[in-house]
Amino acid sequence: MAEHVSETVAMDGSPHGISCDVQFVDVFKVLGKRWNGMILVALMQRPARFGELAKSISGITDGILSDRLRELMAARLVERQLADGPATAVLYRLTPIGEDLRGAFQELHAWAARNNIHEQCAP
C-alpha cells in the first residue's frame with residue numbers, strides 16, 4: 001500500500017513544507033511567556049499603575065510583574081507614562097504596537113469561547 005504524505009499549508013494559504021516561521025518564533029518569545037498575555041489584556045482595559053496591575057492579575061509576584069513589564073517595554077508593546085496629578089505616579093499603557101494586538105486577542109477570546117476553553121478568574 002502506497003504511503004500518502006500530505007502537504008502543509010502556510011498561514012497565507014500557500015503550500016509549503018514544515019518550516020520554522022521566524023516571525024512566530026519571535027512573537028511567542030514574548031507572548032508565550034507566562035503572565036505577559038494577562039498583563040497585555042489588563043492594559044487593553046485601561047492604563048494602570050503597578051499596584052493596580054498586581055492586584056488585577058491573581059498569582060503574579062511584584063518581582064515577576066516588574067520583570068515582565070521590562071520585557072514588554074523592551075518589545076515596544078508597553079510604555080511607562082507619568083500620570084497627571086499632585087503626586088508623581090507612573091502608569092503603564094499599551095504602545096500603538098501593543099494596541100495593534102487587540103484584534104488578535106479578540107480572535108483568541110472568540111476561539112476560546114467557541115471551544116469552551118476557560119478558567120475561573122480569581123476575585
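Just the heavy atoms: all of them, side chains too, but no hydrogens, waters or symmetry mates, feed the values below. Numbering of residues begins at 1 and proceeds along the displayed sequence.
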**Prompt:** Hydrophobic clusters join Ile, Leu, Val, Met, Phe, Trp and Tyr when side-chain heavy atoms are under 4.5 Å apart, directly or via other members; which others share one with W111?
**Reply:**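 Other cluster members: I117.
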
**Item:** Nonpolar side-chain network containing V22, other nodes, edges under 4.5 Å
**Value:**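 So far as hydrophobic clustering goes, V22 is joined with none.
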
**Asked** Can you name the residues that form a side-chain contact (heavy atoms from CB on, under 4.5 Å) with D100, not counting sequence neighbours?
**Response**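 Once residues adjacent in sequence are excluded, D100 has no partner under the side-chain contact (heavy atoms from CB on, under 4.5 Å) criterion.
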
**Request:** For Q81, check side-chain hydrogen bond (donor to acceptor under 3.5 Å, both in side chains) against everything at least two apart and list the hits.
**Result:**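 Partners of Q81 by the side-chain hydrogen bond (donor to acceptor under 3.5 Å, both in side chains) criterion come out as none, since no residue qualifies.
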
**Non-neighbouring partners of N115 that pass side-chain hydrogen bond (donor to acceptor under 3.5 Å, both in side chains), sequence neighbours left out** =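 Testing N115 for side-chain hydrogen bond (donor to acceptor under 3.5 Å, both in side chains), a comparison that skips the adjacent residues, returns none.
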
Enumerate donor-acceptor pairs with a distance under 3.5 Å from any side-chain N or O in residues 24-37 to protein atoms, sequence neighbours excluded.
residue, atom, partner, partner atom, Å
K33, NZ, E71, OE2, 3.0
N36, ND2, V30, O, 2.8

**Asked** Do L101 and L77 come within less than 4.5 Å of each other through their side chains, counting heavy atoms only?
**Response**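 Contact flag for L101/L77 side chains = yes.
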
**Message:** A side-chain contact here means heavy atoms from C-beta on lying under 4.5 Å apart; do L43 and R93 qualify?
**Reply:**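 Heavy-atom side-chain distance check fails, nothing below 4.5 Å.
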
Side-chain heavy atoms under 4.5 angstrom apart, residues restricted to Ile, Leu, Val, Met, Phe, Trp, Tyr: same cluster for [X] and [Y]?
X: M73; Y: L65; result: yes
X: L91; Y: V78; result: no
X: L108; Y: I39; result: no

**Prompt:** Given I57 and V41, is the side chain to side chain contact (heavy atoms under 4.5 Å, CB included) satisfied, shown in steps?
**Reply:** CA-CA 10 Å; I57 303 170; V41 166; over 6 Å; no

**Prompt:** Do R114 and E107 meet the salt-bridge criterion of a basic N to acidic O distance under 4.0 Å?
**Reply:**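 Salt bridge flag = no for R114 with E107.
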
State the [atom1]-[atom2] distance between [X] and [Y], to the nearest 0.5 angstrom.
X: I60; Y: K55; atom1: CD1; atom2: NZ; answer: 15.0 Å
X: T61; Y: R68; atom1: OG1; atom2: CZ; answer: 8.5 Å
X: E99; Y: L40; atom1: CD; atom2: CG; answer: 10.5 Å
X: M44; Y: F105; atom1: CE; atom2: CZ; answer: 4.5 Å
X: S56; Y: M38; atom1: OG; atom2: CE; answer: 8.0 Å
X: E79; Y: Y92; atom1: CD; atom2: OH; answer: 12.0 Å

**Request:** Look at the side chain of T95 and the backbone N and O of R76, then say whether any donor-acceptor pair between them is shorter than 3.5 Å.
**Result:**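 Flag set: sc T95 to bb R76 pair under 3.5 Å.
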
**Message:** Given 3.5 Å as the limit, does a donor-acceptor pair link the side chain of Q45 with the main chain of A42, or not?
**Reply:**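 Not confirmed, Q45 side chain does not pair with A42 backbone.
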
**Request:** Assess whether atom CZ of R102 is packed by more than 12 heavy atoms of other residues, nucleotides or ligands within 6.0 Å.
**Result:**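 Atom CZ in R102 is packed in, count exceeds 12.
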
